[in-house]
Protein chains: 2
Amino acid sequence: MYVVRFATRDRSESEMTPPRKSTSEPRVRLNKERVIGAAIALADAGGLDALTMRRLGDELNVEAMSVYNHVANKEDLLNGMADMVFGEIKLPSHSDDWRTAIRKRSISFHDVLVRHPWATTARDSGTNPGTATLRNHDRVIGTFRNGGFSIAAAAHAFSAVDSYIYGFAMQEKSLPFTTPEETAAMAAILLAQLPASDYPYLAELTADHVLKPGYRYSDEFLIGLDLILDGLDSMRIESQ
Amino acid sequence: MYVVRFATRDRSESEMTPPRKSTSEPRVRLNKERVIGAAIALADAGGLDALTMRRLGDELNVEAMSVYNHVANKEDLLNGMADMVFGEIKLPSHSDDWRTAIRKRSISFHDVLVRHPWATTARDSGTNPGTATLRNHDRVIGTFRNGGFSIAAAAHAFSAVDSYIYGFAMQEKSLPFTTPEETAAMAAILLAQLPASDYPYLAELTADHVLKPGYRYSDEFLIGLDLILDGLDSMRIESQ
DNA sequence: ACCTGAACACCGTTCAAGT
DNA sequence: ACCTGAACACCGTTCAAGT
């Protein structure tokens, strides 16, 4: 939103100064949230490598060094970005049973990591979790507890589910293809290079599974997730 | 091992030249393996940030730019490091049943990632897998296939297990503590800072589980792994 | 064939100076 | 209170020159 201000000093040309069509945009005051938002946009567009303090300054129409008025350093910035991204994850619903609630939240978590692939890697040191992260974790653990999990079982469940989600997103990110067409093209090339005699099972899997029409690695996500949720259901019953 | 060579040119002082106790060590010829080995040692000691081409050169008693005679660039170096680390993972044994073989291999994989935490993150772009990586993947898929998994089920199993292992290692790495004593100390501080009214379940979990004597997050690894292996056993039977 | 030194185009971060 | 400009100590990588 633009605030148009009237010039107070005399001007011969005109009494009212129109909004300046100049090189410098009207300055919106910088704050931590705007800094983090711009940083996320940069990382979404070009990965973590594309996020430098200097480019971030450019994006905010400010010198790079001004950013330091709003974040302590780059690590602080990355922590803030990770927490803002965590805030995008749908919290487990109180009205769903534990399994439905965790399943929906896990899918939402996965969607968020697909949207922001750099986020799998951003929080290198787990100190200083933000409030969105804490709230998310609290609600997930609460969902398990209210679903009948003992404290220990809730800890196991939380660890298993989130490890799987993080690891799946990492594997997905490292794949050099996404659409079925790209996958097929890439797999055909790989298969041609792959000495089938050295790696017979890899060759078989590529030829008879990955190259099948409609194959998409991302479809694996729900299969593994449901497998874990089945296991957690047994654990829940045993822990009662 | 040092190879002592005799000087062929005449020397007035002595017929035999003793190994020179000079400032410059006897130069061992550089090769890609030695470069990658030194890079791994640097990353093990100080994380990926500590690995710069200049420091790597120092470590090898060479100018930084000489490294480029053996690796194309830093990405090539990181790929090489990842593959060498993959080579440390014990391959699944042919004489074990599928579950025992995969369990042992998964534990070995986890051990390797604990030894080289930076490796969870090093292979950002999954192109150009090395031969150790390919061999490992081939043997894992083969173990599933010979254990009675259909091709599709083997693909599901492979994805679920390795996603879990990667994700668990990432979570583990991001924890700011390892020993039970550090954990207890850190958890007590966190608990004191944590507004228990805002995060009741997190507070409960910390107080009644993490702060219990002998708690170690790494113990969660086998619990989640066995849960997944149980699920895979059901999937195997259904896929037959 | 391998190694070196200088150079280029960047980084994150500090600090005194401005408004 | 916030922003700027210059500076510092680094990066990865190139390239011509040496042996």
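Small disclaimer: the values here were computed from a predicted structure and weren't measured. Letters A, B, ... mirror the listed sequences (proteins, then strands); counts begin at 1.
Distance from the side chain of A:Glu63 is smallest to D:dT4 among D:dT13, C:dC3, D:dT4. Here the nucleotide nearest the side chain of B:Tyr68, chosen from C:dC3, C:dG12, D:dT14, is D:dT14. Among the nucleotides C:dC3, D:dT13, D:dC3, the one closest to any side-chain atom of B:Asn69 is C:dC3.
Here D:dC8 presents its C1' atom at 11 Å from CE of A:Met65, a figure rounded to the nearest Å. Whole-Å rounding puts the B:His70 NE2 to C:dA1 C1' distance at 9 Å. Between the C1' atom of D:dG12 and the CG atom of B:Leu42 lies a distance of 16 Å, rounded to the nearest Å. Per the geometry, CE belonging to B:Met53 stands 21 Å off P belonging to C:dA7, to the nearest Å. Atom CD of A:Glu75 and atom P of C:dT13 are 9 Å apart (whole Å). In this structure, A:Arg55 atom CZ and C:dA9 atom P are separated by 15 Å, rounded to whole Å. Regarding B:Asp49, its CG atom lies at a distance of 16 Å from the P atom of C:dC11, rounded to whole Å. Going from atom CG of B:Leu77 over to atom C1' of D:dC11 covers 15 Å, rounded to whole Å.
Dense packing is recorded around CD of B:Glu182, with more than 12 heavy atoms of other residues, nucleotides or ligands lying under 6.0 Å away.
The pair A:Arg55-A:Asp49 fails the salt-bridge criterion, with no side-chain N (NZ, NE, NH1 or NH2) lying under 4.0 Å from an Asp/Glu carboxylate O.
Pair assignment for D:dC11 gives none, since no Watson-Crick or G-U wobble pairing has each distance under 3.5 Å. Pair check for D:dA16 finds C:dT4; Watson-Crick or G-U wobble, both atom distances under 3.5 Å.
Within the 4.0 angstrom heavy-atom criterion, only backbone atoms of the sugar-phosphate kind lie near A:Thr52; the bases stay farther away. Nucleic acid contact class of B:Leu56 (heavy atoms, under 4.0 Å, all strands): none.
Ring pair A:Tyr166/B:Phe168: centre-to-centre distance not below 6.0 Å.
Here the rule is side chain to side chain contact (heavy atoms under 4.5 Å, CB included) with A:Lys32, and of A:Val35, A:Leu30, A:Ile36 only A:Ile36 fits it.
Of all heavy-atom pairs spanning A:Pro129 and A:Leu134, the tightest one is CG-CD2, 3.9 Å.
Side-chain nitrogen and oxygen atoms of A:Ser66 include none within less than 4.0 Å of the OP1 or OP2 phosphate oxygen of D:dC2.
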